[in-house]
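Every heavy atom of this structure was used, including side-chain atoms; hydrogens, water molecules and symmetry mates were not. Keep in mind that what you see is a predicted model, and the values were worked out from it rather than measured.
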Amino acid sequence: MYQELILEHYKHPQGRGLREPFDAEVHHVNPTCGDELTLRVKVADGGKVLDVSYDGQGCSISQAAASVLHELATGSTVDESLSVVEEFTRLMQGRGQVEPDEDVLGDAVAFAGVAKFPARVKCALLAWMAYKDALMRSQG
Amino acid sequence: MSAVSGFDVERIRKDFPVLTRELPGGRPLVYLDSGNSSQKPAQVVETMRDHLTWHYGNVGRALHVLGSESTVAYEEARDKIAAFVGAPSRDEIVFTKNASEALNLVAYAFGNPVGEDERFRMGPGDEIVISEMEHHSNIVPWQLLAQRTGATLRWFPVTDEGRLDVEGLEELVNERTKIVSIAHQSNVLGTVNSVSPILARAREVGALMMLDASQSVPHQAVDVAELGVDFVAFTGHKMVGPSGIGVLWGRRELLDAMPPFLGGGEMIEAVWMDHSTYAPVPHKFEAGTPPIVEAIGLGAAVDYLNAVGMDQIKAHEKELVAYALEALPEIPGLRIIGPRTPIARGGTISFTLEGIHPHDVGQILDDVYGIAVRVGHHCARPLHLRFGIPATTRASFYLYNTTAEIDALVRGLHHVQKVFG
């Protein structure tokens, strides 16, 4: 479960810290373990994701997932990144039975092992759900 | 081998087949989660299997051989449990499905229009007192009671060392207090609370007192008459018995005065279309077909604990906790949440590791070493908030644990630090 890539992102989180400007900010928590995440998105008129910034506390899975999300989403478009979110969610909710699409997921494929631990799936999804929520609000 | 005389932990371990289990990858199981739920000895499993296989019928109503054998076994379990906790009368032992139900049962007796007894009347201006170290099951039922009746919920704070802060006792427990309900032993801190000063104050002001003894009855000899309180709740699955069975002990005259909790079969004396009269206690509180085999299993668990000896179990656990309290603080960045001396505390140790989330600690301990601990807030979120932490890692010991398992935990924690360092 603790792939090198996950530990690497946990120890050296990418894009951490809340930045301006932003279109929407959300705060998501995982009540069972106290993981918390505040996340902001900045989207350009053409639908390009200019920045995903975040801050929070929690286990290595939740924090590394936020870092990987930042890398994958920043610079892509809203539509592209939402399809990654969809594939990531499918993988996480697949109880370890889903074959991940590496072309879509990129580095996020490292979380495949987490899907076998139901208690940890929420940790991996925290940032991704927050991102989806933030995008909806920014478009809203 | 334990140094407690006559106590042979290796012999005890043989009664718990699961402790010899090898987990995938060849890891031996190191079970340090008995505060959550204990393992079951073969004697308990065999008693339940035998009853289900050869003697099972419904209790209290079937007139045939099986019904009568089940009834006898079920009621014998009540006798065993009554003796185990020093209940003055067997009728004071009410079977519930767990400690939570026992606590709710008592909470629902207050401010209940079905009851008429002054001691259970509750409304605005009345007060309920709990503590900051409670399990959610000794918080939420009282919050609901306060909401239903308009009474005020108050609580004892907890000191930095993890002890009950009784400095404000006189003010906190006062003429408005109707009930005080606290943990006998904390499921997070391990703290064993001193009951008598609080009880003395409760008596002074005419309040009732209840103990959540879920974490004490499994680990030390508890005598309800000696404690002198009014109600005690505990649960079977933490004391080498099955899940699905809990116990409420209450003073006979109080149980008599209380309204029924759940209505249904077996709790009645006679029923008309517009009203009913109720069976005498304990049956008044045991509506419907009870957890028959679970109660019988709990009787077998009590036999097992008696055969080992509760004083021996307590002494063995004291050795384990003293050993762990020496060994754990040597790990850099480890902070124990709770008393750091093995005095007035049980074999439950919660801690944080600097910079590492408990979920990561628990996962690595399990994945790499087969060590089962509990991580999270252990159903005591207010206590974690009080210490300013979201979660802890908790190791909890029982009669079958060894110092070698604590050594394994220490090695495991060093490894956790290496992974996340």
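Other residues, nucleotides and ligands contribute more than 12 heavy atoms inside 6.0 Å of the CD atom of A/Gln57. Residue-environment remark: NZ (A/Lys48) stays at or below the threshold of 12 foreign heavy atoms within 6.0 Å. Atom CZ of B/Arg386 has more than 12 neighbouring heavy atoms from other residues, nucleotides or ligands inside a 6.0 Å radius. Within 6.0 Å of CZ on A/Arg95 lie no more than 12 heavy atoms contributed by other residues, nucleotides or ligands. With a 6.0 Å radius and a threshold of 12 heavy atoms from other residues, nucleotides or ligands, A/Glu102 has its CD atom at or below the threshold.
For residues 352-371 of chain B, a heavy-atom distance under 4.5 Å to chain A picks out B/Gly355, B/Ile356, B/His357, B/His359, B/Asp360, B/Gln363, B/Ile364, B/Asp367, given by residue number. Below 4.5 Å, heavy atoms of chain A meet no heavy atom from residues 330-339 of chain B.
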